[in-house]
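As structure tokens, the structure follows; a few thoughts come after it.
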Amino acid sequence: MTGYMSEIRTRFAPSPTGNLHVGGAHTALFAWLFARHEGGKFILRIEDTDEVRSTEQSLAAIYDGLRWLEIDWDEGPDISGPFGPYVQSERLNIYAQYINQLIESGRAYRCFCTPEELEERREIMRARGIPPVYDRTCANLSEEQIELLLAEGKPYCVRFRMLETGTTVVNDLIRGDVSFDNSLLGDFVIRKTSGYPTYHMAVVVDDCLMKISHVIRAEEHLANTPSHVQLMDALGFERPKFAHLPLILGTDKTKLSKRHGAVNLMDYKEQGFLPEAMRNFLAIIGWSPGADEEILDHDQLIARFTLEGVSKSPGVFDLEKATWLNGEYLKRADAEKLTDTLLPLLQKEGLIEAHPSPERREWLVAVVDLMKERTRLLTDFVTWGRYYFTEDYPYDNEARKKWLSKEDTPERLDMLADRMKELETWDVEAIEAGIRGLAEELEIGAGKVIHPCRSAVTGQTIGPSLFHLLELLPRETVVARLRRAAELGRRGELAPV
RNA sequence: GGCCCCAUGGUCUAGUGGUUAGGACUCCGCUCUUUCAAGGCGGCGGCACGGGUUCGAUUCCCGUUGGGGCUACCA
């Protein structure tokens with residue numbers, strides 16, 4: 001057992017300003033996997049220091065997304081814990097205390113520059129090629145000057161006084177030592193004019209107060225880390241360990257964002273992804289177990305995950321591969337369980353009643369079992385499996401072209417309908433025997449009966465084993481469909497479109 | 001522009017101072033079957049470039065190039 005002080009604690013600290021982004025889910029997953037692998041704690045903390053953009057709705061969306069992926073947390077806004085509250089807007093007095101402490105010790109100072117002035121000066125610095133950091137205009141205001149400005153009621157923010165010389169070295173578990181030249185780092189704002197702390201202030205105070213042992217976050221924060229580290233040092237906090245994860249990129253290799261299509265994690269649920277597949281997929285972007293394996297379930301991911309396996313370079317979100325992986329999960333899925341997740345979708349499409357009877361459900365499980373071999377997304381069941389549920393299914397162009405519009409098809413379909421009617425029993429063996437028997441009598445290949453039949457009954461040229469598929473449909477339905485296609489064919493209504 | 005990070009096929013990646021550089025997705029063939037968007041088999045395709053170090057570099061160092069991130073009173 002490790003002692004309390006050396007307990008592994010990681011956190012995911014999203015800001016509730018939108019849905020749970022795929023990138024955020026990736027970060028959360030890695031931090032969670034690390035904690036779980038190490039037998040530590042995973043904390044959820046809400047960083048709502050952006051008073052303007054934070055919403056209650058986003059918070060709910062974050063919960064939904066994490067729960068969907070089965071990422072659970074040990075401490076958080078909804079379950080409390082020894083270091084709460086876990087919502088930053090409820091910790092304002094804590095930050096205020098540290099900010100005041102910093103002002104008193106001289107490591108922070110009031111800045112009366114207006115945003116407009118700052119912007120103007122930044123432009124000039126940029127134009128001259130000088131690092132556009134705060135020029136410290138207010139860094140050395142005298143007590144009198146400050147009193148005066150305060151008396152005037154001039155609005156101000158508070159800035160942290162960074163070290164002016166030397167280097168700040170960030171030891172990153174993934175990238176090694178990264179050094180930054182202090183002279184290039186500016187005094188950043190720790191308290192906004194509104195009185196709210198900035199992210200930089202809150203994140204430092206909370207990570208330290210909440211005893212986060214490993215700050216695992218996306219690489220976009222690496223450049224901010226020297227500032228955080230100096231703040232921690234000034235506050236007398238012990239530095240946590242850092243691990244900056246590679247970013248997820250879009251196919252154009254830039255940071256994944258809205259213009260790359262779906263970036264909201266839950267959009268993938270809508271698209272028909274299974275949470276375990278998405279979790280697996282996210283895990284293997286920027287991480288590898290080292291061996292030639294990539295299909296890993298919940299427990300395997302936890303067992304294999306290490307920071308050493310995390311790569312330094314960013315990875316592209318390849319929807320093609322995600323879809324393939326989802327298909328693998330579908331194949332391996334338990335038909336009963338899969339039926340449960342599919343039911344709402346089928347009901348939404350109006351393909352099945354709200355409360356199927358036990359028999360009906362049993363039938364559905366058989367359909368799902370037959371279909372899951374060749375599906376890649378949950379939505380495939382709806383688009384490719386329509387014919388199991390309704391007579392209102394389309395005849396696709398391949399089926400029309402190759403079989404349904406052929407001259408001898410109607411007659412064969414009618415003969416097959418007769419044959420099907422006469423079968424003693426309605427099961428796979430009888431159906432197969434009936435179909436093959438007809439082909440033999442007609443002295444044609446079995447395919448010449450099978451394909452038209454599939455085309456007529458499913459409207460498609462592809463699908464599961466025909467005999468098994470027919471067995472799952474009522475005999476009358478099959479006969480009716482054969483006759484209907486024969487009739488439509490004769491009337492020339494099944495020509496390719 | 002400045003600072004920081006990164007660099008193995010189109011994509012995700014394994015890997016080593018000496019390997020036929022391995023796997024997966026995609027793509028393309030072939031094959032099985034009643035079909036393929038299923039299965040099986042096979043194939044195309046890669047160490048960014050230039051210098052070093054070394055008997056030998058994909059691997060170590062430097063540079064270049066390329067890509068990305070940060071440069072907010074957003075997080």
Side-chain angles (χ1 to χ4, degrees), chain A residues 13-17 47-50 52-54 111 113-115 118-119 122 125-133 155-159 170 172 174-175 178-181 184-186 188-194 196-200 202-203 218-226 244 246-247 249 251-255 281 284-295 309 311-325 327 331 372-376 380 384 398-399 402 432 435-436 439 445-451 453-455 458 460-467:
Chain A
S15 56
T17 54
E47 308 217 322
D48 57 347
T49 53
D50 185 336
V52 186
R53 296 193 304 149
S54 296
C111 171
C113 299
T114 66
L118 291 170
E119 186 50 38
R122 246 198 306 272
M125 287 187 272
R126 248 192 271 268
R128 288 190 193 159
I130 308 168
V133 294
Y156 65 90
C157 66
V158 177
R159 287 179 186 273
V170 173
D172 187 274
I174 294 171
R175 286 150 221 287
V178 183
S179 19
F180 298 83
D181 187 338
L184 267 19
L185 269 19
F188 59 97
V189 175
I190 55 178
R191 184 170 71 197
K192 308 177 199 179
T193 302
S194 68
Y196 252 64
T198 58
Y199 155 74
H200 302 295
V203 77
E219 203 213 284
E220 52 190 325
H221 292 291
L222 182 56
N224 291 325
T225 308
H244 287 91
L247 258 23
L249 310 179
T251 42
D252 64 350
K253 305 268 200 160
T254 61
K255 191 167 108 180
F281 180 63
I284 59 173
I285 298 181
W287 172 77
S288 161
D292 285 336
E293 54 179 0
E294 46 187 359
I295 299 180
S311 67
K312 297 178 185 173
S313 42
V316 172
F317 187 89
D318 182 2
L319 189 60
E320 205 64 65
K321 183 152 183 176
T323 306
W324 163 79
L325 228 199
K331 268 176 216 158
K372 70 188 180 79
E373 258 344 279
R374 33 185 44 84
T375 48
R376 312 219 308 166
D380 290 341
W384 299 342
E398 275 296 295
K402 287 178 83 171
E432 176 159 10
I435 289 176
R436 291 196 189 280
K448 295 272 203 271
V449 178
I450 287 169
H451 299 311
C453 178
R454 177 192 294 282
S455 297
T458 73
Q460 299 166 10
T461 53
I462 56 163
S465 156
L466 180 67
F467 314 125

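Please read these numbers as outputs of a predicted model, since none were measured by experiment.
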Practice prompt. With P as the reference atom in both, quote the distance from B:A21 to B:C3 in angstrom, rounded to an integer.
Written response: 39 Å
Item to complete: Heavy atoms under 4.0 Å is the rule here; annotate nucleotides 70-75 of chain B 5' to 3' with B where the base is hit, S where only the sugar-phosphate is, and - elsewhere.
Response: SSSBBB
Worksheet item: Roughly, in whole Å, what's the span from CD1 in A:I295 to P in B:G23?
Response: 16 Å
Worksheet item: Looking across every strand, which nucleic acid part, if any, lies under 4.0 Å from A:R175 by heavy atom: base, sugar-phosphate, or nothing?
Response: sugar-phosphate
Worksheet item: Expressed in angstrom and rounded to an integer, what is the separation of A:K402 atom NZ from B:U35 atom C1'?
Response: 7 Å
Discussion item. Treating primed atoms plus P, OP1 and OP2 as sugar-phosphate and everything else as base, which nucleotides of nucleotides 7-13 of chain B get B, S or - for protein heavy atoms under 4.0 Å?
Written reply: S---SBS
Item to complete: With P as the reference atom in both, quote the distance from B:U8 to B:U34 in angstrom, rounded to an integer.
Response: 46 Å
Practice prompt. Choose from B:C4, B:U26, B:U35 the nucleotide whose nearest atom is closest to any side-chain atom of A:R374.
Written response: B:U35
Item to complete: Could you check whether A:L247 gets within reach of a base, just the sugar-phosphate, or nothing at all, counting any heavy atom under 4.0 Å?
Response: sugar-phosphate
Worksheet item: When you compare B:A24 with B:G18, how far apart are their C1' atoms, in angstrom units rounded to a whole number?
Response: 28 Å
Worksheet item: Closest nucleotide of RNA chain B for A:D181 versus for A:G463: which of these residues is on the 5' side?
Response: A:D181
Response to the item:
note: A:E373, atom CD; B:G40, atom C1'; distance rounded to Å ~ 14 Å
Worksheet item: Is any side-chain nitrogen or oxygen of A:R376 closer than 4.0 Å to OP1 or OP2 of B:U26?
Response: yes
Item to complete: Classify the nucleic acid contact of A:P226 as base, sugar-phosphate or nothing, counting any heavy atom under 4.0 Å across all strands shown.
Response: nothing
Worksheet item: Quick one: A:I435 CD1 to B:U34 C1', roughly how many Å, whole number?
Response: 9 Å
Discussion item. Measure CG/A:D292 against P/B:A21 and give the value in whole Å, please.
Written reply: 16 Å
Worksheet entry | Rounded C1' spacing from B:U11 to B:C44 in Å | 16 Å
Worksheet item: Which is true for A:G290 with a 4.0 Å heavy-atom rule: it touches a base, it touches only sugar-phosphate, or it touches nothing?
Response: sugar-phosphate
